[in-house]
Amino acid sequence: MKIKNLIITLFVAITLFSCTDAINIDPADEVTDSKAITNMAQLKLATTGVYGAVGGSSLIAWSAYFTDECRKPATNRGTGVQVHTWAINTATDEPESYYSSLYGTIGSVNRVLAKIDQVPALTEEDVITKQKIYAELIAIRAIAHFDLIRFFATSYTDPNSLGVPIVNRVIIFEKLPRNTVGEVMSFVKNELATAYATLNEISDNSDNTRITPLAIQAIRARIALYLKEYDNAIAFSTEVINAVPLATTSEYIDIWSDASEAEVVYKLKRVSGDGQVGRIFQDNNGDIFYNVSFDLFSKFQQTDVRRRPGVLVEAGSTTQNQKVGKYSGPSTDYGLADIKVVRVAEMYLIQSEAQALKSSPDFVAAATAINTLRAARRLSPSALPNLTFSNQSDAIDLILLERRRELCFEGHRFFDLKRFNLGINRDSRDITLNTFAQSLGAGDYRFTLPIPQAAIFANPTLRQNPTY
């Protein structure tokens, strides 16, 4: 208890008003406590505090609510409805929350890094620990900048389009403008390369709740795919695939109850008192906010392990009440589940997409990657037969469908649709309570979140995204 309280005390000291970085900086926001983080024990605790504050629920919630993963039942009395019905504007709560939270994480990192040089390293082990912490923190900061780009940039591949402010230090009076996507992604890639070079020398991959060399390579593979740097995506994903085996069918089911660590490359550990990711879909009193959509459920064969109770749907679900199963958590604390940021399954899908879309497509390699994943999800020899690709269009259709199955409710669907400039067409069975929100056209401006109006009021240098 004393250790937890000390973590909280240190974390409050280093993050006070940190969510205002790049939004609203005031002299009162400056942390002047020279006694904060002056020894190795405090540095370690402060770093644990940063990890504890890294959010993952926003990616899951936005992607599920916005796309065709969910169906809104009558028990939903307003949760996420603006997002689900695409009634999004500059005052919508979710974009402001995501923007502030991600910059809050960045601010927390910067405050620890501002103190790290004053911490004495008395032993060789201390020197290595400081190097490791520095590398982990700059990687966390880079990932937060990438997630901001995913939400708030109109394009991932146009380097001259508006990105987000790069905040790589504690800022006091500055009101930072938006950097370009090219500038932000260059910063992100450089930070991750630096972090990897350090961690690959002094760290290992044994703790998937921390930033490890493999976690960085997996994130770099994801980023390379978004940027259409397909050779890099193949190289980074291959490194992860070679190191982490896919789960067996029994292990796969246990991943979602946190009983197995199989194929989880990096996750956000959640313990009692943390926010419960499962509460995105179900209220404390048992009311359902969102069900699995009928359309999504129909994409799974019965002999696919991913459709089993405890994965796609919660055990005890009925045809009309298909509860989201991936984040049920323990019976004593519903919804308290670890957030799986990266699983090796995603690397096979990245490999398949990159092989299919690179300048000289390799459809055999693309099919081999996706078929390896499908084979691991079969409950019978005849289930999920092998796929073959003959052209890029057919390959991408099948790869996106497999991504929809494998990565549902993990925060990917929205960004996949955005990456490929695809619209949303919900099944008529999934919109009985909101018939006006069935289709959203490809390229609709709402595939990019608005810069929060509160941020623009505080920092007039920020330019709003188009149409908002």
Side-chain angles (χ1 to χ4, degrees), residues 59-60 62-73 84 246-247 249 252-253 255-256 280-281 288 290-315 317-328 340 343 345-346 348-350 352-353 356 366-367 369-389 393-420 422-432 437-440 442:
L59 295 163
I60 295 167
W62 183 273
S63 188
Y65 294 173
F66 191 97
T67 68
D68 47 14
E69 290 187 330
C70 282
R71 173 175 61 89
K72 183 172 73 71
H84 188 61
L246 284 164
T249 53
Y252 183 81
I253 295 172
I255 289 171
W256 306 106
I280 292 171
F281 305 105
I288 306 302
Y290 290 95
N291 286 120
V292 177
S293 71
F294 289 118
D295 181 54
L296 176 60
F297 189 81
S298 72
K299 305 303 180 191
F300 291 84
Q301 298 178 19
Q302 287 188 347
T303 48
D304 186 334
V305 69
R306 296 170 295 192
R307 181 177 154 168
R308 293 292 294 272
V311 186
L312 176 63
V313 297
E314 187 179 316
S317 293
T318 65
T319 302
Q320 294 302 316
N321 186 19
Q322 294 168 334
K323 305 174 186 177
V324 176
K326 282 189 173 180
Y327 304 106
S328 299
K340 289 75 182 176
R343 293 186 295 112
E346 182 192 350
Y348 284 88
L349 293 163
I350 287 173
S352 186
E353 183 179 327
I370 201 169
N371 288 332
T372 301
L373 174 61
R374 285 166 62 86
R377 303 302 184 237
R378 292 173 185 152
L379 289 174
S380 71
S382 61
L384 299 169
N386 283 347
L387 303 175
T388 58
F389 302 144
S393 178
D394 288 345
I396 289 307
D397 286 346
L398 291 169
I399 291 166
L400 286 177
L401 178 57
E402 204 64 43
R403 285 181 66 91
R404 190 179 180 195
R405 294 188 187 105
E406 180 66 37
L407 303 175
C408 62
F409 302 109
E410 295 180 59
H412 293 273
R413 179 64 172 166
F414 171 80
F415 302 106
D416 285 347
L417 295 174
K418 182 175 178 178
R419 287 192 299 123
F420 283 95
L422 297 173
I424 297 170
N425 293 288
R426 291 174 175 150
D427 190 295
S428 59
R429 297 170 296 169
D430 293 320
I431 59 165
T432 56
Q438 182 168 18
S439 298
L440 189 69

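Please read all numbers here as calculations on a predicted model, not as lab measurements. Below, all heavy atoms of this structure are taken into account, side chains as well, without hydrogens, waters or symmetry copies.
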Asp295 side chain to Asp430 backbone, donor-acceptor under 3.5 Å: no
Establish, yes or no, whether a centroid distance under 6.0 Å links the rings of Tyr327 and Phe409. no
Heavy-atom donor-acceptor pair, Tyr252 side chain to Val311 backbone, under 3.5 Å: no
Compare every heavy atom of Gln438 with every heavy atom of Asp427, then report the nearest pair and how far apart it is. C-NE2, 4.2 Å
Looking only at non-hydrogen atoms, find the nearest pair between Pro385 and Gln301 and report the distance. CD-NE2, 4.4 Å
Side chain to side chain donor-acceptor pair (under 3.5 Å) against Arg377, all qualifying residues, sequence neighbours excluded: Glu263, Glu406
One thing to verify: whether Asp68 and Arg404 come together as a salt bridge, which I'm taking to mean a side-chain N less than 4.0 angstrom from a carboxylate O. yes
Restricting to non-hydrogen atoms, name the atom on Pro309 and the atom on Ala315 that form the minimum distance, rounded to 0.1 Å. CB-CA, 4.0 Å
Can you measure from CG (Leu384) to CZ (Phe300) and round to the nearest 0.5 angstrom? 10.0 Å
Okay, side chain of Arg71, backbone of Asn291: is any donor-acceptor separation there less than 3.5 Å? no
Where do Ala367 and Leu387 come nearest, in terms of heavy atoms and distance? CB-O, 3.6 Å
Donor-acceptor pair, side chain of Ser352 and main chain of Ala369, under 3.5 angstrom: no
Side-chain touch Leu379/Arg308, heavy atoms, less than 4.5 angstrom: yes
Hey, are the side chains of Lys72 and Tyr65 touching, using non-hydrogen atoms and a 4.5 Å cut-off? no
Looking at Ser439 and Asn425, what are the two nearest heavy atoms and their distance? OG-OD1, 3.0 Å
Any side-chain heavy atom of Ile60 within less than 4.5 Å of one from Phe281? yes
Are the side chains of Lys340 and Trp256 in contact, using a 4.5 Å heavy-atom criterion? yes
CD1 (Ile280) and CH2 (Trp62) are apart, to the nearest 0.5 Å, by 13.5 Å
Measuring from atom CG of Asp304 to atom OG1 of Thr249, what distance do you get when rounded to the nearest 0.5 angstrom? 11.0 Å
Closest approach of Ala437 and Ile431, non-hydrogen atoms and distance? O-CG2, 3.6 Å
Any Glu346 side-chain heavy atom under 4.5 Å of His412 side chain: yes
Arg413 with Asp416: basic N within carboxylate O range, under 4.0 Å: no
Side-chain heavy atoms of Val324 within contact of Tyr290, under 4.5 Å: no
Got Arg405 and Arg374 here, is their nearest side-chain heavy-atom distance under 4.5 Å? yes
Please round to the nearest 0.5 Å and tell me the distance separating atom CG of Leu373 and atom CD1 of Ile399. 11.5 Å
Starting at NZ of Lys299, measure out to CG of Leu296 and round the result to the nearest 0.5 Å. 8.5 Å
How long is the gap from CG on Leu440 to CZ on Phe66, to the nearest 0.5 Å? 5.0 Å
Verify, without hydrogens or angle tests, whether Lys326 (side chain) and Cys408 (backbone) share a donor-acceptor contact under 3.5 angstrom. yes
I'd like to know if the side chain of Arg306 and the backbone of Ile253 have a donor-acceptor N/O pair within less than 3.5 Å. no
Walk me through it: do Phe294 and Arg426 pass the test side-chain contact (heavy atoms from CB on, under 4.5 Å)? CA-CA 9 Å; Phe294 289 118; Arg426 291 174 175 150; over 6 Å; no
Atom CZ of residue position Arg403 - does it have more than 12 heavy atoms of other residues, nucleotides or ligands inside 6.0 Å? yes
